[in-house]
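Following: one structure in structure tokens, then a few remarks.
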There are 4 protein chains.
Amino acid sequence: MIVVMRASATARDIDAVLRRLEEYQLKGHLSRGEERTIIGVVGASIPPTLREELELLEGVQEAVRITRPYKLTAREFHPEDTVVDVRGLKVGGSSCVVIAGPCAVESEDQILTTARAAREAGAAMLRGGAFKPRSSPYTFRGLGEQGLRLLALAREETGLPIVTEVMTPVDVELVARYADVLQIGARNMQNYQLLEEVGRTGMPVLLKRGLSATIEEWLLSAEYVIAQGNPNVILCERGIRTFETATRNTMDLNAVALTKRRSHLPVIADPSHGTGKWYLVPPLALASLAAGADGLIIEIHPDPDRAKSDGGQSLTLENFAALMPRLAAVANTLGKKIG
Amino acid sequence: MIVVMRASATARDIDAVLRRLEEYQLKGHLSRGEERTIIGVVGASIPPTLREELELLEGVQEAVRITRPYKLTAREFHPEDTVVDVRGLKVGGSSCVVIAGPCAVESEDQILTTARAAREAGAAMLRGGAFKPRSSPYTFRGLGEQGLRLLALAREETGLPIVTEVMTPVDVELVARYADVLQIGARNMQNYQLLEEVGRTGMPVLLKRGLSATIEEWLLSAEYVIAQGNPNVILCERGIRTFETATRNTMDLNAVALTKRRSHLPVIADPSHGTGKWYLVPPLALASLAAGADGLIIEIHPDPDRAKSDGGQSLTLENFAALMPRLAAVANTLGKKIG
Amino acid sequence: MIVVMRASATARDIDAVLRRLEEYQLKGHLSRGEERTIIGVVGASIPPTLREELELLEGVQEAVRITRPYKLTAREFHPEDTVVDVRGLKVGGSSCVVIAGPCAVESEDQILTTARAAREAGAAMLRGGAFKPRSSPYTFRGLGEQGLRLLALAREETGLPIVTEVMTPVDVELVARYADVLQIGARNMQNYQLLEEVGRTGMPVLLKRGLSATIEEWLLSAEYVIAQGNPNVILCERGIRTFETATRNTMDLNAVALTKRRSHLPVIADPSHGTGKWYLVPPLALASLAAGADGLIIEIHPDPDRAKSDGGQSLTLENFAALMPRLAAVANTLGKKIG
Amino acid sequence: MIVVMRASATARDIDAVLRRLEEYQLKGHLSRGEERTIIGVVGASIPPTLREELELLEGVQEAVRITRPYKLTAREFHPEDTVVDVRGLKVGGSSCVVIAGPCAVESEDQILTTARAAREAGAAMLRGGAFKPRSSPYTFRGLGEQGLRLLALAREETGLPIVTEVMTPVDVELVARYADVLQIGARNMQNYQLLEEVGRTGMPVLLKRGLSATIEEWLLSAEYVIAQGNPNVILCERGIRTFETATRNTMDLNAVALTKRRSHLPVIADPSHGTGKWYLVPPLALASLAAGADGLIIEIHPDPDRAKSDGGQSLTLENFAALMPRLAAVANTLGKKIG
């Protein structure tokens, strides 16, 4: 941390900063310029609130943090890629995983049909919501445990591991009994009790970026999970909220590329929520891989116009099957494989 | 709802829309223009997913919702202002309530000193966090139940009702035993299980707007609480996330004025989080009242530069005392009273 | 400026930074911490591109600017408020100026009726567009010079000084012949040739904030005008673009309060564009004054539902007259006067 | 357009709407529902301000536009792709054009070295700024006409057509004498006089999307150019402003895919400005092509850390050469060719 003093700061002001640093076993290194003095803060561990605290002292213009606030997720401290193992399937590294399935599990027929088509087309995992967060209290909120049982049935049939959302700490144990990957939705990215609870399971966690979360906040949320001793975090970019209303969200592929650089965790992309329109899913799925994503999560449905949730952004099973070889071709140019 | 057909839509396309409407006991009213046909949807109850469903049908260009998706919070169906009663104190109507206190409860001395100063200056309620949501897992997260006990002690001493945050459904019962108003933080605005749980208590709920929540989403979250039979919701604007980084958030006072018009619920403002800088709190507190807010929630601290959380946006007790008569003067010009 | 070296930076990397600084007659002040070295940059004048340049050098993690890039607009270098004189009328200081008028000048009758009503209600200046920037090429774009003549006629009749927009450098001379204040619209906030051209006139300039301009960029645009030797800049907050679509823009009253602190220039607010809805204009006008604005610019029209532009955000003459005493009451609580 | 009446609207209110429509030679088609009446507006040409006008009438809840406000740029009215011809080179269709060059022309040596390297690596056109818009008045603003002459020299040497920015209407004639493509920068996307002036030249125009412009506004700006009889518009996505500050802007590849669908104009992408960091340029360049962009514009520089402008986002000539075959590989998977 660096403390920038005002041009008008007195020797007493500077002293007060140095004494405050000493209270925290930190040292201040003075750099006197022509206009103002700058204090470099040196020491083992800088408390997270120090910046604010120093900025309130007399004569301080600004305190600037110079290291990132996350550690466990930072590539700086863990240079090799983390590869998350899901029932033997690797997420991260040289393969691109494709997760497909309906927004919500609706019936045995729907989920089995979809799962079979997903496997046939080459998907590696099955997604499907049993507990659905919905903006309005008047919409379909999922089948609950019955949905989980149907997902397990589909896994039995197809061998595809299951990704499904858990929304509240008390449900973690139940969902963990069925799921292979616990999904934390965008609205819950900063639900810290939930993050710690899924952290404690040790299971793979798919952590969606919040609608208006910065990359730094997203990585800090991953830090909550890893701090519980669970390094199996898969990050998922799913679009952010901007002024543009022609699409549901704005896919932030800068974030995919930058997060791959700043963190060792695998990063996948969700072009279904990221665009909100089924006809934009193929171009953005291709673009996500090209930007370096370690995989995709895509909504598909045997009959999108009858879907109980998010039909408008779901691919038909045919369109999904047609997309897969195109994804493989792009992955191939990057030296990666779909699977 | 109105269904706009494409210029190229065929008679069969139009028929398919009409038949789909019939499945939901709805009628379609045709309006044939020179270029295209428009179908007005008429009927008792339109399913929330109908829009998406129709837009996927052949020949449909767009389906446009023409009524708002919230009911219980809408002024249209409840023209008079809701006034929430907190231990005899009225929130809403012709008074402006000022809630003051530290971001986090830190010690008995800190909370008692603050509570006494708040009461003396004319505040009507005491705020203070016992459970704190924090972006980083490495920061102070509150005293928990011990914090609640200290708040209760401060209430005993000063008579001020208590506003405090609850972060997760399992804590609702505990927090409800101490608090007078249950606060739902911005990060939890769409934590639906939590909303329903506080709804079930029947207690006053202070619902902060999410960082990137639209006014419509905010009112839909209030709807979750009211749908549990609990009409005692106080909305709180606390700044939204925008591109501007010179302030922590952007206070949206348009939202205060518009929400007062669209909903019957009381709306208060939080200039501390809304600005993130203590020296912007007074002008924005005044502005919030002038925009029509039913009250304010303000962070104050006896020693902001030693605060364990959010010191930079807390007023000193002296600055708060100096602000109160200025608030009263502005309230007075609107025919309202501080209290 | 401070240069933060990576933990892995070598002595040679540090040397390279120091040598680069010397090329610009700057000195580097080293501060060696346990983890990394920090270099304070000391010298008379730091080139604006130095930060980027240094960040590209080997071993540099980050270069942090610690002073603001604007000078002439900064309060730090000019502590007293600037008061702009418009035909003897003072903008800034202890008065709150109210500028009122139609979005566009449409006819002699319209502008005279409006001007008379504005004066009677107590407005200090008349606004009206003769040249209108419009998103679509198919909408009314103003009467041009004929509009300017009608404004001059209205000034003759009522004595109210005229504020009107100029959109392109070649029109500056023409508009300057009629106007008392040259308005730079939000879309032109970074039209640098235009800024310099109005700077050269020496006339008062009303500079609207761009739709997505940061406060810093806004002040840098003011700097373009002042750098031509013209200190008569009035800043105008008119709403920024955010994700919220329930209002046309989001009034940023944080920006009003913060800009008053960072700069010596007067700051006024435009609640008509800031909200886009006539019924939100009164609460936000009151709020703007309470937040510290030095004045308001408000759209009024004798017959808003026949207006050729922005009718939906215009007050009727009656509603404007009813608003003025309420504005005066709020100004009064701040020790200011409307006029 | 559809007019939605309030539930409380009277027969007189409805009549007033119908009469107002008649004034514009439009017909209203009534659709009476159980709760409210809806009026479909039918007629040849709906004035752009009608929506606002109707919403101000008594009893009207909302007027909803159902057609897009742009025509000449819309694919609906021009289904085949527009291919822009630049000295025989085709932009749009089945090829992906790569435009490369420095942010600013700095010297003969710099531009010639860069141009030769660009051609060798396979770029199709040369970019370079002679007139530079800069936020601060204290930074390098380009060489002016001397820069244009150097660009012409580089074209002579390499045969690469030139893309360069024009910032103000009076410069159009000068810049047009040297350039092959006139670039309109993001800050000038709504500089309407400038759009019309470049429209009148009939030359190819590269129109960058404004920092906070919606797709609709962007297409309306293209409409200004085409309305002058000049269909040679190339759209360019270059990142939008969002809350995320870890990257300079947020590349909006949703916009690339959606604009290709809504309009017949070619759309290229600028990953240099879109990310602001040279190491993010390759992944986002690849992603842009995968999303369907018709080409790229990329900043390259022989010595980025000495660049006078935007060095931090420029690729070295080596990195650019290494990127080209990777771009070709992705283009190939889409059945396109780089060139």
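Lettering of chains follows the sequences in order, A, B, ..., and the numbering in each one begins at 1. Everything numeric here is computed off the predicted structure, so don't read it as measured data.
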I'd like to know if the side chain of [X] reaches the main chain of [Y], judged simply by a donor and an acceptor atom lying under 3.5 Å from each other, with no hydrogens or angles considered.
{"X": "B/Thr316", "Y": "B/Asn319", "answer": "yes"}
{"X": "B/His273", "Y": "B/Thr275", "answer": "no"}
{"X": "B/Arg248", "Y": "B/Gly276", "answer": "no"}
{"X": "B/Glu237", "Y": "B/Ala269", "answer": "no"}
{"X": "B/Glu217", "Y": "B/Thr214", "answer": "yes"}
{"X": "C/Asp294", "Y": "C/Ile268", "answer": "no"}
{"X": "C/Ser136", "Y": "C/Tyr138", "answer": "yes"}
{"X": "B/Thr333", "Y": "C/Ala329", "answer": "no"}

Does anything in residues 206-213 of chain C get under 4.5 Å of chain B by heavy atoms, and if so which residues?
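Only C/Arg209, C/Leu211, C/Ser212, C/Ala213 of residues 206-213 of chain C have a heavy atom under 4.5 Å from chain B.
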Heavy-atom cut-off 4.5 Å, strictly under: side chain, backbone, both or neither for [X] against chain C?
{"X": "B/Thr242", "answer": "side chain"}
{"X": "B/Leu280", "answer": "side chain"}
{"X": "B/Leu284", "answer": "side chain"}
{"X": "B/Arg326", "answer": "side chain"}
{"X": "B/Asn249", "answer": "backbone"}
{"X": "B/Leu334", "answer": "side chain"}

Choice from [options] maximising heavy atom contacts with chain B below 4.5 Å:
{"options": "C/Asp252, C/Ile215, C/Leu289", "answer": "C/Ile215"}
{"options": "C/Ala255, C/Ala257, C/Pro271", "answer": "C/Ala257"}
{"options": "C/Leu258, C/Val256, C/Asn254", "answer": "C/Asn254"}

Minimum heavy-atom separation for B/Ala100 and B/Ala118, please, with both atom names.
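Closest approach of B/Ala100 to B/Ala118, heavy atoms only: CB-CB, 4.3 Å.
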Could you walk me through whether B/Ser135 and B/Arg187 satisfy the side chain to side chain donor-acceptor pair (under 3.5 Å) test, starting with their C-alpha distance in whole Å, then the side-chain angles of each, then the deciding distance to 0.1 Å, before giving a yes or no?
CA-CA 10 Å; B/Ser135 312; B/Arg187 289 175 180 84; 3.2 Å; yes
Is C/Arg241 close to chain B through its backbone or its side chain, or both, or neither, when contacts mean heavy atoms under 4.5 Å?
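Just the backbone, heavy atoms under 4.5 Å.
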Of all of B/Asn332, B/Thr250, B/Val330, B/Thr245, which one pairs up most often with chain C through heavy atoms under 4.5 Å apart?
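Highest number of heavy-atom pairs under 4.5 Å: B/Thr250.
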Which one wins on heavy-atom pair count under 4.5 Å against chain C: B/Ala246, B/Pro283, B/Ser288, B/Pro282?
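Most pairs with chain C among the choices: B/Pro283.
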C/Glu299/C/Arg127 ion pair, N-O < 4.0 Å
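Counted as a salt bridge, because a side-chain N and a carboxylate O are separated by less than 4.0 Å.
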Intermediate values then yes/no, side chain to side chain donor-acceptor pair (under 3.5 Å), C/Glu223 and C/Thr73
CA-CA 6 Å; C/Glu223 196 96 356; C/Thr73 54; 3.1 Å; yes
